[in-house]
Amino acid sequence: MMLKKILFFILFQLCLGYTQAQEPVSVQLTEKDGLPDKEFYNIIEDRNGFIWLAADKGLFRYDGKVFKNYSNREKRGLSVFEPVEDQLGRIWCNNISGQFFYVENDQLITFIDLGKELNGELSNFVVTAENLIVFTKYRIYYVNLLSKKVTTAYETDFVFGMPFEYNNDILFGAFDNLCKLSKGYKKENLFKIELPKPKKNGNFNVSEKSKLFKLGATLFLRREHNEKNRFFKLDLNKNQYTEIHDFEVLSDQRYLSCFENNGQLWVATTNGVLVYSYKNDIFKLEKQFLEPYHITKIIKDKDDNFWFTTLNNGVFVIPNIHIERLNISESNRNISGLEKIDDNTLFFGTKSGDVGFYDIINHTEDIIDLPSTARVSAIKYHAKEQWTFISKDDGGFLLDNNTKQVAAFSNFRAAKSLSIINNENLLFVNYANVRLLDSENFNKEGEDISSNKRTFTSFYDPEYQSTYIGFVDDLVIYDSDWIPNHIRNNDQSIFATTLTKTTNGMIWAATFKDGIYGIAHDKVVSHFSTDNGLVSNRIENIKADDHTLWIATDKGIQLLDVETKKIKTLTKRDGIVSYDISGIEILDNTVVFSSNLGLFRIDKKLVFKAPIQHNVYFSQLEINEEPTDLKSNYDLDYDQNTINIEFNVNGFQFNQKGTYTYRLLGLNTDWVSTETGINSVKYNSLPAGNYTFQVKPVLDFESSDNTIKALKFSIKRPFWKTWWFISGLSILVLGSTVVFYRRKIKQKEQQRQIEIKQLSLDNELINLKLENLRSQMNPHFIFNALNSIQEYIVLNQKILASIYLGKFADLIRTYLNHSTKGRITLQEEIDCLEMYLELEKLRFEDKLEYAINSSGSLTNGEVYIPTMLIQPYVENALKHGLLHRKTDRILKIDFIINDKTKTVKCVIIDNGVGRDKAEAFKARKNKKHKSFATKATQDRLALFNYGKQKQVGVTITDLFEDDQPSGTQVEINIPFTT
C-alpha cells in the first residue's frame with residue numbers, strides 16, 4: 001500500500017510537471033478593481049448576467065463595473081453563504097445564525113429566522129415554487145413561502161447529504177441510501193449504498209455530508225469513509241453504483257466543489273483547480289492551475305468567462321482558456337526577440353543577454369552559452385543554412401542550429417533588424433547604418449546601402465526582390481539594384497517600426513503613432529487607425545498570417561482580416577499577459593507572443609468567442625442631479641430639463657473593450673459614440689419637446705439594432721409659452737396699460753396738489769424762520785443789550801462798550817446768516833449759543849453760570865442739524881426759569897452724538913424756579929405775553945417732521961428736590977446728517 005502511494009505521488013508530480021508547463025491566463029480581481037473582500041464562499045450568475053458573491057463581508061452583486069453590497073438591519077453578522085436564484089429571479093442567501101434572506105426590488109429582505117431550529121449549524125437549502133427546503137445534518141425543514149410555516153419533514157440519526165437538483169427532482173445522499181424528494185416533496189429511497197460503517201467511540205463516524213455531481217448525463221457521488229473521500233458512479237436506471245478509483249489525489253480533500261466544462265470535470269480544491277478528462281469510464285488528470293490558492297467555487301458565465309472564488313485571495317477570472325502562459329524560466333522572461341525555427345521550436349533572446357530554444361511540445365528551454373551578457377537586440381533564422389544570427393549590443397554571433405556551435409562576429413552588433421536577402425546574404429540595420437553582409441564571409445565590412453542615418457526596421461520581399469527599410473524620417477523601397485524610392489502617404493512621411501507581408505501581396509507597415517499602412521509595391525492603398533477599428537495608433541509589432549494580420553498595440557492585440565476589413569480585439573481583460581510585445585510567430589494553429597513578461601500563446605481558431613448579443617439596460621436616471629425611479633416614460637416640467645442617463649452591459653469584459661452609441665431623437669438623429677469605459681450621457685437645459693433616448697452596445701466596431709434600448713420623456717413648455725398664458729398676458733398687458741395711464745394721470749394730479757401744498761409749507765416755513773428770528777431778536781433782549789452798552793458808555797468804559805457792541809453785532813450777523821440755511825454744523829450752533837449766553841450773562845450782571853459740553857464718536861464739525869432749533873429753548877430757560885432766581889443761576893447744555901442711531905441728543909438743564917412758579921410770576925404781573933419763539937419752534941418742528949421716518953423729538957421735564965421745584969430739563973433728539 002505504501003509503495004502504491006509513493007508510485008502514485010511520483011506519477012502525479014510528473015503529471016503536474018507537464019500540466020504546469022502552461023496554464024490559462026487568469027486575472028485576479030483586487031481592491032483596485034473594487035473587490036470588497038478577499039474571503040469568498042460561493043458565486044452564481046443570475047438570469048440577467050449579474051454576478052453574485054457570498055463573502056465574509058456579506059452579499060455582493062457585480063455588474064461589470066462596480067460591486068454593490070446588500071444588507072439590512074435585522075441581519076446578524078456580515079458573512080453569508082449559498083446564493084441561490086429562485087423561479088422569480090430573486091437571489092437567496094443565508095448565514096450561520098440561521099437567517100434566510102432574498103433580494104427583491106434591489107433590497108435585501110429577511111424571509112425567516114431559524115436560529116433556534118438550526119442552533120448555529122450552516123445549512124444547505126433549495127428554493128422551490130412553494131417552499132424553502134432546508135437541509136441540516138439530521139433534519140430537513142419545509143418553510144412555506146407564503147405562510148412561513150415551518151415543518152420538520154424528515155429526521156435521521158446519521159447524516160443527510162447536500163441537496164442536488166436533477167431532472168426536476170431533489171436528490172441527496174443519506175448515510176446508506178441515495179434519496180429523492182419528488183415534486184410532492186416526499187422522501188423516497190432510490191437504492192442502498194452498502195458500505196462498511198466505520199465507528200469511532202462506539203458511534204458511526206461520519207462527519208461530512210455526501211455530495212452529488214454530474215458529468216454529462218452521468219451522476220456521481222462523493223462520500224466520506226474512514227475520513228477519506230470515496231467516489232461512486234450512479235446508475236439510476238439500474239439502481240446500482242460503481243466505485244471510481246481515479247481520484248486518489250482528492251482522497252484527503254475536505255472541501256471540494258465540482259464543475260463540468262465541455263465534458264471535463266474541474267474540481268475546486270484547497271490547492272488550486274484539477275482538470276480531469278473522462279473517457280471510457282476513466283478519469284484522467286490533465287492539468288492543474290491556480291495551484292497555490294484555496295478555490296471554493298467555479299462557474300462559467302454567459303460570456304464564457306470562468307470565475308473562481310478563493311478562501312483568502314479574492315476572485316480570479318479566466319476570460320479565455322485559449323490564451324495560455326508558457327512555462328519559461330523567471331530569469332528569461334524579459335524577451336527582446338523571437339524567431340520561429342519550426343512548428344515545434346522557437347528561438348528567443350532576452351534583455352539580460354540570454355538566448356535559447358523553447359520546445360512547444362515538451363515545454364523545455366535549451367539555453368545557449370554566449371560570451372556576452374549584453375542585451376540581445378535582434379535575431380534572425382536562416383532556414384536554408386539552419387543558422388541563427390544573433391545581434392547583441394556589444395557584438396554579433398552566428399549559431400549553427402545543428403551543432404549548437406557559436407561563432408563571434410563584429411559586423412552586426414546592436415542591430416535593429418536583420419533580413420535574409422535572396423536566401424543568402426544578411427542585411428544588417430542598426431541605429432546608423434544599413435549594410436549588406438556577404439554570406440561567404442560575414443566578417444567582411446560588406447556593402448553600405450546607407451550610412452549616418454538612424455533606422456528602425458527592414459523587410460525583404462522575395463517576390464519582387466525588393467527591400468523595404470524604415471528610416472527615422474521616411475520609408476524607402478529599394479529594387480534589386482538598390483535604387484531607392486520613397487513611399488509617402490499624401491506627401492507625408494511614414495515612420496515604420498515593423499514590416500510584414502500578407503498573401504495578397506500587400507506590405508504592411510506599423511508605425512509608432514499613425515496606425516498601420518497597406519502598401520502595394522510602392523503605393524499606400526490602405527490605412528487603419530483608431531478611426532476605423534484600431535484600439536490605438538501606437539503599434540508595437542505586426543505579423544502576417546495568410547490573409548490576416550496580427551497587430552500588437554499598446555492597448556490590445558488585434559486581428560485584421562485584410563480582405564473583409566473586419567477587426568477583432570483581445571485585451572488584458574481577455575487574458576493578454578502584456579502589451580509590450582517584442583515578437584510574434586505563427587505556429588500551425590497557434591500564435592506565440594514574446595513580451596517583457598515571458599511567452600504566451602493563443603489558439604487562433606478558438607480564442608475569439610462566438611459573437612453574442614450584449615443587452616444594454618438603464619442603470620440610473622437623474623433629473624436635475626436627483627436620482628429618479630427607472631421607468632420607460634417620463635412627463636417632466638419645463639424646469640426639469642437637466643437629464644443624466646446611465647446605462648450598462650453586464651459582464652466582465654464589455655466595459656473594458658466595448659463602447660456605446662446613442663442619440664436623442666427630438667434633438668438630433670445622428671449616432672454618437674462614447675469612449676471605452678464611459679457609460680453615461682448628460683443633457684443640460686433641454687428645450688421643451690418630446691424625446692426618445694436610444695443607446696446600443698458596440699463591440700469590435702459592430703452593433704445591432706436589435707440591442708437598442710430606448711427611454712422616452714417629454715418636457716412641458718413653460719407656462720409663459722402656452723397659448724392661454726400668451727392670450728391672458730395680452731389682455732393683462734392691454735388692461736394694465738389702460739390702468740397705468742389712468743393711474744399716471746391721477747398721480748400727476750396728486751403730485752401737483754402735493755407741490756402746491758409743499759409750496760404753501762415752504763412759504764409758511766420761511767415765515768416761521770422770520771418769526772423765529774424775530775423771537776431771537778425780541779425787543780426786550782435788544783433793549784437790555786443796548787441799555788448795557790449805554791451804561792458802559794456813560795461810565796466811560798469804552799473798551800467794554802466796544803467789546804459788548806462787537807459781540808452783539810457778531811450775534812446779529814450770525815443769526816442773519818443762519819436764517820438763510822436749512823442746516824448748520826453742531827459746532828456752529830454751539831458757537832452761536834456761546835455768543836448769545838455771553839451777552840445774556842452781562843444782562844444778568846454776571847449772576848449766571850453756564851456750561852456747554854459735547855461728546856460722541858464724531859466731531860462737532862461733522863454733524864449737521866436744522867438751523868434755529870436750540871436757541872429758543874435756551875431763551876425760555878433764561879427768561880422763565882433763571883430770571884426769577886436771584887443768585888446761583890446755573891445753566892448746563894450737553895450735546896451727545898450717537899453715530900449708530902444718527903441722532904444728537906441736546907439736554908438743557910437750568911436750576912430756575914420751575915414752570916409752575918414761572919406761570920405764577922407771569923400771572924401776578926398780569927401780562928398776557930405771547931411767546932413767539934415757543935410757538936414758532938413748535939410749528940416749525942411739525943413742518944420739519946412732516947412725512948419723515950426720523951423725527952425731532954422734544955421732552956420737557958420738571959426737576960424737584962425734596963418735593964420742591966429745582967429747575968427744568970429739556971431733552972431734544974435731533975436726527976443729523978454728515
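All values reported here derive from a predicted model rather than from experimental measurement.
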Donor-acceptor pair, distance only, cut-off 3.5 Å: does the side chain of [X] make one with the backbone of [Y]?
X	Y	result
Gln288	Gly272	no
Asn679	Phe647	yes
Asp474	Val476	no
Ser26	Ile318	no
Asp354	Asn332	no
Tyr478	Ile469	no
Ser536	Arg538	yes
Asp33	Thr30	yes
Arg663	Thr669	yes
Thr511	Gly515	yes

request  = Going by the side chain to side chain donor-acceptor pair (under 3.5 Å) test, name the single residue among Asn589, Asp545, Thr590, Thr548 that passes it with Lys604.
outcome  = Asp545
Salt-bridge criterion met for [X] and [Y] (N-O under 4.0 Å):
X	Y	answer
Glu540	Lys555	no
Lys404	Asp366	yes
Asp561	Lys568	no
Asp303	Lys300	no

Could you tell me whether the side chains of [X] and [Y] share a donor-acceptor contact shorter than 3.5 Å?
X	Y	result
Thr503	Asp546	yes
Asp479	Gln465	no
Asn402	Gln386	yes
Ser277	Glu286	yes
Ser329	Glu365	yes
Ser673	Thr659	no
Asp394	Ser372	yes

Test log, rule salt bridge (Lys or Arg N to Asp or Glu O under 4.0 Å), inputs Glu585 and Arg601 = CA-CA 9 Å; Glu585 292 298 336; Arg601 69 177 178 182; over 6 Å; no
Is there a side-chain contact between [X] and [Y], using heavy atoms and a 4.5 Å cut-off?
X	Y	answer
Val524	Arg488	no
Phe512	Phe495	yes
Tyr468	Thr457	no
His521	Tyr464	yes
Asp448	Val434	no
Asp473	Lys453	yes
Lys609	Asn305	yes
Pro371	Phe397	yes

What is the minimum heavy-atom distance between [X] and [Y], and which atoms define it?
X	Y	result
Asp393	Arg413	O-CD, 4.1 Å
Ile379	Gly349	CD1-N, 4.0 Å
Ala544	Thr500	N-OG1, 3.1 Å
Lys65	Gly677	NZ-O, 3.2 Å
Arg325	Val577	NH1-CG1, 3.5 Å
Phe608	Trp550	CE1-CH2, 3.8 Å

key: Working for side-chain contact (heavy atoms from CB on, under 4.5 Å), residues Ile335 and Asn596   = CA-CA 6 Å; Ile335 299 174; Asn596 60 321; over 6 Å; no
query = Between Ile567 and Leu560, is a side-chain contact (heavy atoms from CB on, under 4.5 Å) present by the stated rule, with each step listed?
reply = CA-CA 5 Å; Ile567 298 177; Leu560 166 65; 3.6 Å; yes
task = Please assess Ile494 against Asp514 for the test side-chain contact (heavy atoms from CB on, under 4.5 Å), listing each intermediate value before the final yes or no.
result = CA-CA 8 Å; Ile494 295 174; Asp514 298 316; over 6 Å; no
Interatomic spacing from [atom1] in [X] to [atom2] in [Y] - rounded to 0.5 Å:
X	Y	atom1	atom2	value
Ile516	Ser526	CD1	OG	7.0 Å
Leu436	Asn425	CG	CG	5.0 Å
Asp461	Ile477	CG	CD1	7.5 Å
Thr345	Asn401	OG1	CG	9.5 Å
Thr455	Asn430	OG1	CG	6.0 Å
Leu338	Ser594	CG	OG	4.5 Å

query = Take atom NZ in Lys340; do more than 12 heavy atoms of anything else shown fall under 6.0 Å from it?
reply = yes
key: ring pair (Phe, Tyr, Trp, His ring centres under 6.0 Å) between Trp266 and Phe289, worked out   = CA-CA 10 Å; Trp266 290 21; Phe289 54 87; 5.5 Å; yes
query = After noting the C-alpha distance and the side-chain angles of Phe652 and Trp307, does the key distance pass the ring pair (Phe, Tyr, Trp, His ring centres under 6.0 Å) rule?
reply = CA-CA 10 Å; Phe652 176 71; Trp307 295 74; 5.6 Å; yes
key: side-chain contact (heavy atoms from CB on, under 4.5 Å) assessment of Thr498 paired with Phe459   = CA-CA 8 Å; Thr498 313; Phe459 180 80; over 6 Å; no
query = Should Asp580 and Ser578 be marked as a side-chain hydrogen bond (donor to acceptor under 3.5 Å, both in side chains) after you check the CA-CA gap, both sets of side-chain angles, and the distance that decides it?
reply = CA-CA 5 Å; Asp580 186 3; Ser578 171; 5.4 Å; no
task = Given side-chain hydrogen bond (donor to acceptor under 3.5 Å, both in side chains), test Ser377 with Ser391 step by step and report yes or no.
result = CA-CA 6 Å; Ser377 60; Ser391 178; 3.3 Å; yes
query = Can you list the steps and then say if Phe654 with Tyr660 is a ring pair (Phe, Tyr, Trp, His ring centres under 6.0 Å)?
reply = CA-CA 10 Å; Phe654 184 86; Tyr660 301 88; 5.3 Å; yes
